[in-house]
There are 2 protein chains.
Amino acid sequence: MTETSRPAAHPLEFTASHRELLDQVLDKWSVHILDELCERPARFNELRRAIPAVTQKSLTATLRRLERNGIVERSVVRSRPVAVEYRISPLGKTLRAPIDALLEWIATHGADVDRARGRFDDEAEHDLGRLGR
Amino acid sequence: MTETSRPAAHPLEFTASHRELLDQVLDKWSVHILDELCERPARFNELRRAIPAVTQKSLTATLRRLERNGIVERSVVRSRPVAVEYRISPLGKTLRAPIDALLEWIATHGADVDRARGRFDDEAEHDLGRLGR
DNA sequence: CGGGATCCCAAGCGATACTG
DNA sequence: CAGTATCGCTTGGGATCCCG
C-alpha cells in the first residue's frame, strides 16, 4: 500500500509549469549565456562579442528572463557611460550540474544519434524507391 | 601550458547541432512520451490516452522524430487491425539520467524560481509606479 | 487502429532603426 | 554603452477532416 495506481512510476510528474521553466532556462540562448557567466561576470556587449550569433534583442530578452527567474543578477554601475554587469546567481550555479549532464550526454551519445538518423533516412529513401520512386 | 586561451572554460562547447539535438529531445512532448515509454512499451492510442493534452499530429511528429534519432523504436505487428508498438531504445534509456537531473533541479529549485519571479514582478510594478503610474 | 493532409494562429527570433 | 521599438518571417503546434 506504499503505492497506489501507478506502478511506482518515476519520482516526478511533468506539468505545464515544468515545461515552461524548461523552456525559459534551456531556450535558444540561455545555455550560451550561462556558459559565459559561469566563468566570469560580463557586461552586455562583452556577452554580444562572446556569443556573436545572438542579436541584441534576443540577448536582452534572454537576460531579462533569466534575471526574472533568479538565474542571473544584473547590477548597474552609474558611471559615464553607464556600466551594467551580469553575473550568475547562486541559484543559477545550481543549474550547471543538470545542464552539464545534458551536454555530456550529447557528447557521449551524439554520434549514436547521428548514425540512427543516417539509418532512418536511408530506409526512408529505400522505402520510397520500393513504392515506385 | 595545460590550458591555452580559455581559462579551462568548461569541458564542452555548445554548437548549433547541440542545440538542434536538445530541441528534438526536450521538445514540448518528448519528455512526456519518454516518461511513458520508460515504464513500458505502448501503442499509439495508449500514448494518446496517457498524455491527453497531445494532439495526434504532435504525437505522430514527436514519435517520428524520436524514432529517427534512435531514441524510440517502432514495431508494426500485422494483425487485424494493425498494431503498432513503441518502446524506448537502449540509447533512449541513457537519456533518462540527464533528463531526471533536470527534473530534479526543478523539483528542488522550482520554488526559488517562483519567489524570484515574484520579487522581479513586484519591483517592476513598483518602478512603474515611481515613473508616474 | 494508426496515422496523413490541410489550414491556421501565436510565439520566437532576426533585421533594422532609434535613444538616453 | 546598453538598451527600446517595429516589422516581418519562420515554425511549432492545435483543430479538423480523411483514409486503409
Side-chain angles (χ1 to χ4, degrees), chain A residues 14 16 19-33 36-37 41-69 72-87 120 124 127-128 130-131, chain B residues 14 16 19-33 36-37 41-69 72-87 124 127-128 130-132:
Chain A
F14 190 60
R19 170 101 312 274
E20 192 206 357
L21 191 44
L22 269 195
D23 284 340
Q24 302 213 357
V25 154
L26 290 184
D27 76 346
K28 185 166 186 184
W29 299 111
S30 297
V31 180
H32 291 279
I33 294 177
E36 293 301 322
L37 293 186
R43 314 233 328 235
F44 189 83
N45 284 311
E46 279 186 289
L47 288 173
R48 290 194 72 174
R49 284 188 293 273
I51 311 167
V54 74
T55 64
Q56 138 273 60
K57 174 185 171 180
S58 296
L59 182 55
T60 305
T62 308
L63 285 171
R64 285 277 182 284
R65 200 158 43 225
L66 292 176
E67 187 196 356
R68 176 167 185 269
N69 290 339
V72 311
E73 293 165 357
R74 190 183 101 118
S75 56
V76 182
V77 180
R78 259 156 19 286
S79 52
R80 291 297 342 290
V82 205
V84 178
E85 195 183 77
Y86 293 92
R87 60 189 187 287
F120 185 93
D127 289 354
L128 229 64
R130 292 197 331 140
L131 298 175
Chain B
F14 189 62
R19 170 102 310 276
E20 193 206 356
L21 191 43
L22 270 196
D23 283 341
Q24 303 214 356
V25 154
L26 291 184
D27 75 348
K28 185 165 187 184
W29 299 110
S30 296
V31 179
H32 290 280
I33 294 177
E36 294 301 323
L37 294 186
R43 314 232 329 233
F44 189 83
N45 284 311
E46 278 186 289
L47 288 173
R48 290 193 73 173
R49 283 187 294 272
I51 312 167
V54 74
T55 63
Q56 162 273 336
K57 174 187 170 179
S58 295
L59 182 55
T60 307
T62 307
L63 284 170
R64 284 279 181 283
R65 201 158 41 226
L66 292 176
E67 187 196 357
R68 177 168 183 265
N69 290 339
V72 312
E73 292 165 358
R74 191 181 101 118
S75 57
V76 182
V77 181
R78 268 179 339 305
S79 52
R80 291 297 343 289
V82 205
V84 178
E85 194 182 76
Y86 293 92
R87 60 189 187 286
D127 289 354
L128 229 63
R130 294 198 328 139
L131 298 175

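To find a chain, count down the sequence lines: A is the first, B the second, and so on, and within it residues start at 1. All values below come from the heavy atoms of this structure, side chains included, with hydrogens, waters and symmetry mates left out. Computed from a predicted structure; not experimentally measured.
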**Prompt:** At under 4.0 Å between heavy atoms, what does A/R74 touch on the DNA or RNA strands: base, sugar-phosphate, or nothing?
**Reply:** sugar-phosphate
**Request:** Would you indicate what B/R78 reaches in the nucleic acid, counting non-hydrogen atoms under 4.0 angstrom: base, sugar-phosphate, or nothing?
**Result:** nothing
Could you check which of [options] has an atom nearest any side-chain atom of [X]?
X     : options              : value
B/Y86 : C/dG2, C/dG3, D/dC1  : C/dG3
A/T55 : D/dG3, C/dA15, C/dG4 : C/dA15
A/W29 : C/dG2, D/dA2, C/dC13 : C/dC13
A/S58 : C/dG14, D/dC1, C/dG2 : C/dG14
B/N45 : C/dC13, D/dG3, C/dC1 : C/dC1

**Asked** Should the pair A/F44 and A/Y86 be assigned to parallel (<30°), tilted (30 to 60°) or perpendicular (>60°) ring geometry?
**Response** tilted
Rounded to the nearest Å, what distance is computed from the [atom1] atom of residue [X] to the [atom2] atom of nucleotide [N]?
X     : N      : atom1 : atom2 : result
A/R65 : D/dG3  : CZ    : P     : 15 Å
B/R80 : C/dG2  : CZ    : C1'   : 13 Å
A/D27 : C/dG14 : CG    : P     : 10 Å
B/E20 : D/dT11 : CD    : P     : 12 Å
A/R48 : D/dA2  : CZ    : P     : 10 Å
A/D23 : D/dG13 : CG    : C1'   : 13 Å
B/I33 : D/dG13 : CD1   : C1'   : 13 Å
B/R19 : C/dG14 : CZ    : P     : 11 Å

**Asked** Looking only at heavy atoms, what is the nearest atom pair of A/V72 and A/L63, with distance?
**Response** CG2-O, 3.9 Å
**Asked** Between A/L26 and B/R19, what is the shortest heavy-atom contact and its length?
**Response** O-NH2, 2.6 Å
**Prompt:** Distance-only, no hydrogens or angles: does the B/T60 side chain make a donor-acceptor pair with backbone N or O of B/Q56 under 3.5 Å?
**Reply:** yes
**Message:** Looking at A/T62, is its backbone amide N or carbonyl O close enough to the side chain of A/S30 to form a donor-acceptor pair, meaning the two atoms are under 3.5 Å apart?
**Reply:** no
**Asked** Any donor-acceptor pair under 3.5 Å between the side chain of A/K57 and the base of C/dG14?
**Response** yes
**Asked** Distance from A/D27 atom CG to A/L66 atom CG, nearest 0.5 Å?
**Response** 7.0 Å
For nucleotides 17-20 of chain C, list the nitrogen or oxygen atoms of the protein found under 3.5 Å from its nitrogen or oxygen atoms, one pair per line.
from	atom 1	to	atom 2	distance (Å)
C/dA17	N6	A/Q56	NE2	3.1

**Message:** What I'd like to find out is whether the side chain of B/I51 reaches to under 4.5 Å of the side chain of B/E36, using heavy atoms alone.
**Reply:** yes
**Any A/R43 side-chain nitrogen or oxygen under 4.0 Å from OP1 or OP2 of D/dA2** = yes
